[in-house]
Amino acid sequence: MVHIWKHLLATPKVRVSLFLLLVFLAFSVGDARLHRTRRLSPLTKPTEETYTKYYNYIELTNRLHSLAAAYSHIANLSSIGHSIESRELWVMRITKDPDIDVLGKPKFKYVGNMHGDETVSRQVLVYLVEHLLTEYGEDPRISELVNNTDIYIMPSMNPDGFEKSIEGNCNGNEEGRSNAKNIDMNRSFPDQYDGTTVNPEDVPEVMAVMRWIQEKKFVLSGNLHGGTVVASYPFDDSAFHQSQGYYSKSEDDSLFRYLALVYSQNNPVMKTGYPNCTNAMDETFQDGITNGASWYDVAGGMQDYNYLYGNCLEITMELSCCKYPPASELHKEWDLNRESLLAYIEKVHIGVRGYVTEAISGAPLTDVSIVVAGIGHNLATGKFGDYYRLLLPGTYNITAVAPGYIQMTVYHVQVMEGKATELNFTLAPVVSEAAGNTSVTTQSVPSTSNQIIPSTTVSPSTHTQTQVVPSETRNQSSPASHPPTHEPIQPHEFRHHNYADMELFLRKYHSEFPSITHLYSVGRSVQRRELYVMVISDNPTVHEHGEPEFKYIANMHGNEVVGRELLLNLVEYVCRNYGTDPEVTNLVNNTRIHIMPSMNPDGYEVGVEGDVKGYKGRNNSNNFDLNRNFPDQFVTITEPRQPETIAVMNWLKSIPFVLSANLHGGSLVVNYPYDDEREGRTQYSRSPDDTVFQLISKENALMHNGHPCEDLYPNEYFEDGIINGAKWYNVPGGMQDWNYLNTNCFEVTIELGCVKYPMAKELPKYWEQNRRALLQFIHQVHLGIKGTVSDSRDGTGIPNATISVEEINHNITTAHTGDYWRLLAPGTYAVIASADGYKPVRTYATVSKDQVEVVNFRLMRVHSDTNGQSTVGTQPSENPSEKEFRSLIKDLSLGQGLDQLVKSTAAEINFDYRRYQELSSSLRGLTLNFPSITSIRSLGQSVEFRTIWALEISNKPGEVEPSEPKIRFVAGIHGNTPVGTALLLEFATYLCMNYGKNPNITSLINHTRIVIVPLINPDGLEKAVEKQCTSTQGLTNAHGKDLDTDFFGNASQRVVETQPETRAMMDLILEQGFTLSVDLDGGSLVATYPYDKPVQSVENEGTLKYLASVYANNHPTMHLGDTGCSNNGQTNILDGVVRAAERQSHMGSMKDFSMDFGHCPEITVYAGCCLFPPAEQLATLWAENKKPLLSMLVEVHKGVRGIVRDRSGKPIVGAIIVLNGGVRIFTADGGYFHALLAPGNHNIEAVAEGYQKQYQEVVVSSYEAASSIVIEFDMDYRIFGLPRQFVVASAAASMTALVVTACIIWCVCAAKSNHQKDGFHRLRQHRDDYDDEIRLNSMGSKKSLLAHEFQDESESDEETLYVNKI
């Protein structure tokens, strides 16, 4: 090798060549340095942006350097090249870990100021850089973008032209528009029709950007210009170069239109399509977008180059009519474009992403072409085998092709709205015939460039993972060839399914299609048949954020069977066609569909095939019409609520349904709310959403003739095949009205045919007539508006927020993650989002007939205002464990949190009642087995000397922990209602058994002091008799006293001596420190709140009622308001909650004493109709009350809590906390206080002797733990109620006045004294007479004193005694 080099060096020509090569390498290295990231030393801290000036090149450079230095953890500044005049082409890279390339982050870029005199883009991109950097870590949306996207921002591609441009020149100047060589850079890129027409040396800026595009392999881009207001998309020219009006469509035309709309629809001016530019007043753009060539032909444009040669999708945004507006306009332009800029970046994460690897070694494969059938535009994998293909939602066939490998095609890949679908390929290498196999011939589709589109990170919950296997197709003519034309698979078996047959059918399809189905029961019928529901969705077991919930219910009337069979047909059709039929697949992927084939399975079993218009089987087994059994807005339904009705009501309250249909039979019409009218007349009863109901009802073409059953009902006519329910006939207690009035769900009733129970041979005809309508009706759930209501502070969704539409008096609420859907007819609406503790937001939404409009809201919290004379302290900082516990409270308060806790801690229980001895042994057993978390103490003894026990459960039992809420559970105040006693014993056992095993139970116990008094009246229990539902035996104590009439705080109100049981409980209540008390009783099914005594009004009634409703709402039947208790005469109680005095008024109750003297709210829960039910029913009662009892443990952590202290930090014990000007509580040791309040805004007044009053407004959430606040007092220096300074100044002035007055008097007296000195000799002459006079006067004074010394000016003895008696 050495002698070869010697020979080469001896040759002159070779020496010259080597020299030139070294020179070339040197320049190459120098050029590479331009791309190298510049390590910037920290400069000055970036000054605050004023939005009032343009940055020239030097100022821009300094600004970018300063930002990069200040945010080096997410920002990196580099230059990709130089302009003609040697100015750097600066690019700011913004991403987490900006110094390295990380897989899974697609690359995005913005380029501005390509035309030097179009300057708004230059400044707006600087503002965008600052916005991304400063809001990172503060705004969740920005943080997500920066963490998951590789963002590149070039504020100025033409710095030379900018320096020559003139501020205020709206039409621009040619010198500033082009680069320093007078070349228009947006006409200088290689063109698909004309090739390269510009000398590269004249456009170094263009060459640098082209190298940058090829190197970085961007996914999505925006090119920002000025001169009008519109978003333009490829192609920019055509082969004909027609000056304008020629639509030059790209292969991704629909996608480009969508991307352009994303930008335009988020820009308030652009979206109108009317820029109103002074130089082109007549120029308009529909929806604010345009095809580039259709607007005017631009050959050599940058956006086409990105798409054709960089595989990067780019559009051009024209931001302002004036190219170089005054700097005073900059802030407005930033405000107009900020949301559009961010929303457009987010679209880099749509479509399909994945990796291509080699089947044998698992190594990544580069340069693999990713081909989407029907779209003649391919891309290739990068060096890590990754790709990113932007696509609109839909179904695609995607092929991976590489020379030397067997191509693979995946059919029917589902792309959904939002995050990208993950699709990974594994390619097997071609094996030659020499190895004993036949080679597979493939047609390689070359990529237009070595393009990579990096993938985004998609969590398992937000993407569809498609498993790919090698294709066995040989000698294909196309790598993306379609399978044979698909025809949907139709149901084959049509028969009537009895209950057993239907159950087997549903179980069969669930087992065959487990990935898209979920079978569950919402309850049971009277005869214990399950009310089955089949869910069909791509994630069927959970509610997915942003995905609407839809339901079909059939067979409500047991003899109306067509709907039952059609829904079974629909289950089969959807399951069989998922993944092959685009419509079905799209519906399943984007909708959660619930199908209940039979709401009345008992009635069906007695129906008769061939029944045309009969009633046999119509009602349930109790002979009640289920469609007359729901609570009604106009009529009180007196019939007892049926188990089928109760089950469905609970189901509807548990899932945020949006749209529903109730399938009936006996006519052919769609009937919409309202179903009845206030006066009970047959006339149109219009709902607030009447227009929407008419719109969604007109989907079954068969019904449009209006004369459905001429043979049976010749006079019946329905215009358009629809009718308002009450106009047809009045139906009080109907299900569709209850849906609309009590949930977010819009429901209509569909009558499917004239014959109620047709013969089985007729069923295929019904399927054929209704299958399209059944699918089309599901599509209606995707109309109107949808979105998310979130907290602007942390981005979390706000549950139970209210969505109001002006001029439509019907609100809906958000689901537990803050998402909502609101059906609306096409039109423009003012929409308002509001929530407790947040400022409402109002916006406009335009609804089209073809698609849903996304309207998201970000609400700002209402800040607490201090109105006192000094500032109230802020919230103390939370440690990680407190944050974790707050998160737990939120999780348990939302969605299925408590249900999941209940299910995760289920256990087999053998229930029985425990009399006094067994109860005492059970309590002692808990303390012996769980000594670290339990302690027991005696509160006192009963009349017959039985101990009244109190069990404390806490992580530090027996210790005082004033910072933790303290909750009291009591039962057995009436000895004949021992259900509460049994439930509390089981509750205590349940908590102890799960401590240390279940993290949620453990955390609740660690943060709560739980006191359980299971039996207040042990003597009465000994006398009570099991299975006596109405007996009063054992109700009173051994003295015959009803203990719940013995709690009097004032001795003057008491007639007899306090009972020992009462005294024991009064002492416990007066210990203070309790935040909430729950008393379990029996004889009804209702939750009551104070007061039991008759009072005109109740302070804080909203909070008391709310606390009772929390228990009732978590009970499976209590919240329905139907007690079902014939023994007490009460059947229907609204929401299962009532003020105690309205149920049974009496004096001396325990809850009233707790309120007035214990300052603790107490609710009484009547757990069942029977006072002393059989022991066999205890397991059911426990199952019903387990969740409500746990909900009280969660609820006690809400409201408001805090510390009261002075400015030195000393806690103030005994300070008064006044809630909303009424209820008072007191601070405990350490200055702690805790008060439960209903969700909403509340005023707090803090009062302490010697301190100034403090006022604060607090916001209480229904799902968040109480935020801890600190109230700091200033000393009260006021005197007589007046400011100290005023009193001191007044006193000083008064003293000064007195001193001056005294001096004046002394001077006057002194002058008189000098004047009288001449007369003293006269006094000496008459001294004897003078002394006598003085002596006489003195004696008279003494007599006067003696005369008055013993005079009694008060009342007589009798009068004094009388006064004392009074």
Side-chain angles (χ1 to χ4, degrees), residues 141 258 261-262 264-268 271-272 287-288 339-340 343 346-347 393 416-418 543-550 586-587 590-592 655-660 672 687-697 699 739-740 743-748 776-792 795 797-835 838 840-859:
R141 180 190 188 189
Y258 168 78
L261 282 168
V262 168
S264 72
Q265 295 305 298
N266 284 285
N267 182 306
K271 70 187 293 185
T272 67
D287 297 323
E339 179 57 28
S340 293
E346 289 171 330
K347 295 308 170 185
M416 293 167 289
E417 192 173 321
H543 168 70
E544 291 186 89
H545 183 92
E547 187 170 281
E549 307 271 353
F550 174 93
N586 182 58
L587 279 176
N590 296 291
T591 321
R592 192 163 178 236
I655 296 173
F657 288 111
V658 181
L659 181 61
S660 170
Y672 56 89
S687 74
D689 282 288
D690 190 70
T691 303
V692 176
F693 277 117
Q694 289 192 49
L695 180 69
I696 63 177
S697 297
E699 289 304 322
N739 269 269
Y740 179 66
T743 74
N744 290 343
C745 186
F746 288 48
E747 181 172 280
V748 299
Q776 187 58 35
F777 189 77
I778 300 175
H779 282 292
Q780 306 304 304
V781 79
H782 294 282
L783 299 181
I785 61 173
K786 72 172 185 177
T788 301
V789 180
S790 58
D791 189 317
S792 63
I798 302 174
N800 299 318
T802 300
I803 302 297
S804 308
V805 180
E806 288 187 359
E807 300 183 3
I808 299 179
N809 186 26
H810 182 77
N811 302 333
I812 57 124
T813 56
T814 56
H816 67 272
T817 60
D819 49 346
Y820 76 91
W821 308 261
R822 211 303 179 185
L823 298 182
L824 288 169
T828 299
Y829 302 89
V831 186
I832 302 164
S834 59
Y838 293 87
V841 172
R842 181 176 183 269
T843 189
Y844 285 93
T846 299
V847 177
S848 70
K849 64 178 181 179
D850 300 319
Q851 61 184 9
V852 68
E853 178 80 2
V854 179
V855 183
N856 295 320
F857 295 90
R858 295 173 70 84
L859 304 189

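Computed over heavy atoms, backbone and side chain alike; hydrogens, waters and symmetry mates excluded. Position 1 is the first residue of the sequence, and the numbers go up from there. Model, not experiment: these values are computed from the prediction.
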Test item: [X] side-chain N/O and [Y] main-chain N/O as donor-acceptor pair under 3.5 Å:
X: Glu547; Y: His543; value: no
X: Thr813; Y: Ala801; value: no
X: Thr743; Y: Cys745; value: yes
X: Glu806; Y: Ile832; value: no

Taking the six-membered ring for Trp, are Tyr844 and Tyr829 ring centroids under 6.0 Å apart? no
Can you tell me how far [atom2] of [Y] sits from [atom1] of [X], rounded to the nearest 0.5 angstrom?
X: His782; Y: Asp850; atom1: NE2; atom2: CG; value: 14.0 Å
X: Ile808; Y: Arg822; atom1: CD1; atom2: CZ; value: 5.0 Å
X: Leu824; Y: Leu695; atom1: CG; atom2: CG; value: 10.5 Å
X: Asn744; Y: Glu549; atom1: CG; atom2: CD; value: 11.5 Å

Just say parallel, tilted or perpendicular for the rings of His810 and Phe746, cut-offs at 30° and 60°. perpendicular
Answer whether the closest heavy-atom distance between the side chains of [X] and [Y] falls below 4.5 Å.
X: Glu853; Y: Ser848; result: no
X: Leu261; Y: Ser264; result: yes
X: Ser687; Y: Val692; result: no
X: Ile812; Y: Tyr820; result: yes
X: Asp791; Y: Arg858; result: no
X: Ile798; Y: Leu859; result: yes
X: Tyr258; Y: Pro393; result: no

Are there more than 12 heavy atoms of other residues, nucleotides or ligands under 6.0 Å from atom CD of Glu417? no
Compare every heavy atom of [Y] with every heavy atom of [X], then report the nearest pair and how far apart it is.
X: Glu339; Y: Asn266; answer: CG-OD1, 3.6 Å
X: Gly784; Y: Val847; answer: CA-CG1, 3.8 Å
X: Ser660; Y: Glu747; answer: OG-OE1, 2.6 Å
X: Pro548; Y: Asn590; answer: CD-O, 3.4 Å

Run the side-chain contact (heavy atoms from CB on, under 4.5 Å) check on Asp689 and Leu823 step by step: do they pass? CA-CA 9 Å; Asp689 282 288; Leu823 298 182; over 6 Å; no
Might you work through the side-chain contact (heavy atoms from CB on, under 4.5 Å) test for Trp821 and Leu659, ending with a clear yes or no? CA-CA 10 Å; Trp821 308 261; Leu659 181 61; over 6 Å; no
Between the side chains of Ser804 and Asn811, is a donor N or O closer than 3.5 angstrom to an acceptor N or O? yes
Return yes if a side-chain donor-acceptor contact under 3.5 Å exists between Asp819 and Thr817, otherwise no. yes
Verdict with supporting geometry, Phe857 and Thr843, side-chain contact (heavy atoms from CB on, under 4.5 Å): CA-CA 9 Å; Phe857 295 90; Thr843 189; 3.6 Å; yes
Before you tell me yes or no, could you show the steps for Val748 and Phe777 under side-chain contact (heavy atoms from CB on, under 4.5 Å), namely the whole-Å CA-CA distance, both residues' side-chain angles and the distance that decides it to 0.1 Å? CA-CA 11 Å; Val748 299; Phe777 189 77; 3.7 Å; yes
